[in-house]
Amino acid sequence: MFEKLIEILKANPRKIVFTEGPDARILEAADKLKKGGFLTPVLVGNVDEVKAAAKAGNFDIEGLEILDPLTYENMDAMVAKMVELRKGKMTEEECANALKKGNYFGTMLVKMGVADALLGGATYSTADTVRPALQLIKTKPGSKSVSSSFIMVREHEDGSEPEVLAMGDCAINIKPSPEEIAECAVETARTAGIFGVDPKIAMLSYSTMGSGAGEDVDKMVEATKLAQEAAPELALEGELQFDAAVSPVVAKTKCKGSKVAGQANVFIFPDINAGNIGYKIAQRLGGFDAYGPILQGLNAPINDLSRGCNADEVYSMAIITAALA
């Protein structure tokens, strides 16, 4: 999977901003990316601090761009642009103070075209990564909300092609509306396609095609209808129980003739409780590696790391994020 993404990046040179430049995990990943030569890291932070941290960890970042918000030469233009984007919601002074922080500064570097993508969250919370993106990058045309997905990968011992699935929304919307779920379904299918998945989308519930009843079932029925109207070209069905979505035997019993049931590879959950639990069960008990959360619906690729991430995860997420640009 990553070989394909790297080929995309080799053909389309891109820059990615890391908002936490002095962090050892970021520096180790930046070192590896520099050696790979297919993606250019931009590190945010005090130049001396970043270089000292790199030296302490024996990481080679020679020649990489390090941008310090406190000494950035185009800060006046950046502040003016942010004031314009915030449309009276923040004063010039408030914007200037916000841009002293790596998360806002990095986001504006993407907005102003200095970089193509951003990866943060090694020390920032998810909210601190998403908030600047919503305020400054904003949603892309046709999108009204931001959602997330995880790409789940399970290698096979025989060396055959790995199994790749997508799951959403597992990290952003706590109690999404039918409209938000539908949007998430369409976006997650598109994300899955970038990773070589021919999406077959299951809109998950505790009910299969009317076998159960209740508000939560109604929500997924409505979300399915909206998603089908928005993207009729997609193989998307619901509402489906998980066993009907993945087991051909169960699918024959519960929804015979379905083009999705029994062979789903994209799973859309009814809320963050189900989504977060679901992907972690797949990760911890099913042997899948989880890559994400991948933010969807934004005008540019902005992604969030777990604060417990390691350098390998930073490296992988950097490739994923830049490939979305």
Side-chain angles (χ1 to χ4, degrees), residues 14-31 33 40-57 59 61-139 146 172 293 295 298-309 311 314 317-318 321-322 325:
R14 289 161 188 169
K15 285 186 176 183
I16 185 166
V17 174
F18 291 103
T19 57
E20 296 126 320
D23 189 283
R25 297 163 294 177
I26 301 298
L27 291 166
E28 184 176 345
D31 179 336
L33 288 169
T40 303
V42 176
L43 302 168
V44 172
N46 177 275
V47 175
D48 292 336
E49 286 182 15
V50 172
K51 288 184 175 180
K55 185 177 180 180
F59 303 125
I61 61 166
E62 186 67 32
L64 295 186
E65 201 169 9
I66 305 170
L67 298 179
D68 183 349
L70 301 184
T71 59
Y72 185 58
E73 60 182 3
N74 293 322
M75 182 55 77
D76 288 346
M78 184 177 280
V79 171
K81 182 64 176 177
M82 185 170 169
V83 170
E84 176 190 334
L85 290 168
R86 296 302 290 134
K87 297 179 179 179
K89 294 178 181 178
M90 292 176 72
T91 65
E92 182 176 334
E93 183 180 359
E94 288 171 334
C95 289
N97 286 331
L99 287 168
K100 292 176 183 177
K101 302 173 184 177
N103 56 340
Y104 274 94
F105 178 70
T107 304
M108 281 301 296
L109 289 175
V110 175
K111 182 66 181 180
M112 298 181 77
V114 177
D116 304 292
L118 177 147
L119 186 59
T123 58
Y124 286 112
S125 68
T126 295
D128 284 336
T129 300
V130 175
R131 188 183 304 109
L134 287 173
Q135 292 175 345
L136 305 173
I137 300 297
K138 304 183 180 180
T139 55
V146 174
I172 299 295
L295 301 186
L298 290 167
N299 251 326
I302 307 286
N303 275 326
D304 178 48
L305 293 162
S306 163
R307 280 174 282 181
C309 66
V314 176
M317 281 301 295
T321 304

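These values consider heavy atoms only, across backbone and side chains, with no hydrogens, waters or symmetry-generated copies.
Using a cutoff of 4.0 Å between basic side-chain nitrogens and carboxylate oxygens, Glu94 and Arg86 are not scored as salt-bridged.
With contacts defined as side-chain heavy-atom distances shorter than 4.5 Å, the pair Asn46/Leu70 does not qualify. Side chains of Leu305 and Ile26 form a contact here, defined as non-hydrogen atoms less than 4.5 Å apart. Residues Phe18 and Leu64 are not in side-chain contact: their nearest non-hydrogen atoms beyond the backbone lie 4.5 Å or more apart. In this structure the side chain of Asp23 reaches within 4.5 angstrom of the side chain of Thr123, judged on heavy atoms. By the 4.5 Å heavy-atom criterion applied to side chains, Pro301 and Asp116 are not counted as neighbours. Contact of the Leu85 side chain with the Met108 side chain is registered, since non-hydrogen atoms from C-beta on lie closer than 4.5 Å. Between Leu33 and Thr40, every side-chain heavy-atom pair lies at or beyond the 4.5 Å cut-off. Proximity of Met78 to Leu109: side-chain heavy atoms (C-beta onward) are separated by under 4.5 Å at one or more points.
The main-chain N or O of Ala122 is found under 3.5 Å from a side-chain atom of Arg25 such that the two form a donor-acceptor pair.
Residues Ala53 and Pro22 approach most closely at CB-O, 3.4 Å, considering heavy atoms. Shortest non-hydrogen contact noted between Gly45 and Pro69 is N-CD, 4.4 Å. A pairwise comparison of heavy atoms in Leu119 and Val314 identifies CD2-O, 3.6 Å as the closest pair. Of all the heavy atoms in Val110 and Ala117, the pair that sits closest is CG2-O, 3.6 Å. The shortest heavy-atom contact between Pro132 and Asn103 is CG-ND2, 3.9 Å. A pairwise comparison of heavy atoms in Ala311 and Ala29 identifies O-CB, 3.8 Å as the closest pair.
The line from CD1 of Ile16 to CG of Leu118 is 7.0 Å long, rounded to the nearest 0.5 Å. Between the CG atom in Leu298 and the CG atom in Asn303 there is a gap of 8.5 Å [rounded to 0.5 Å]. Taken from CG in Asp48 to CG in Asp68, the straight-line distance is 9.0 Å, to the nearest 0.5 Å. For the atom pair CD of Gln135 and OG1 of Thr107, the computed distance is 9.5 Å after rounding to the nearest 0.5 Å. How far CG of Leu43 is from CD1 of Ile61: 5.5 Å, rounded to the nearest 0.5 Å.
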Full working for side chain to side chain contact (heavy atoms under 4.5 Å, CB included) between Val114 and Val42: CA-CA 9 Å; Val114 177; Val42 176; 5.8 Å; no
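Annotation for Lys111: atom NZ counts as buried by contact number, over 12 foreign heavy atoms lying within 6.0 Å. Other residues, nucleotides and ligands contribute over 12 non-hydrogen atoms within 6.0 Å of the NZ atom of Lys138.
When the side-chain contact (heavy atoms from CB on, under 4.5 Å) test is applied to Ala98, the partners found at least two apart in sequence or on another chain are Met82, Met90, Tyr104. For Val79, the side-chain contact (heavy atoms from CB on, under 4.5 Å) test picks out Met75, Val83, Glu92, Cys95, Ala96, Leu99, with sequence neighbours left out. In this structure, the side-chain contact (heavy atoms from CB on, under 4.5 Å) partners of Asp31, at least two apart in sequence or on a different chain, are Lys35, Phe59, Asp60.
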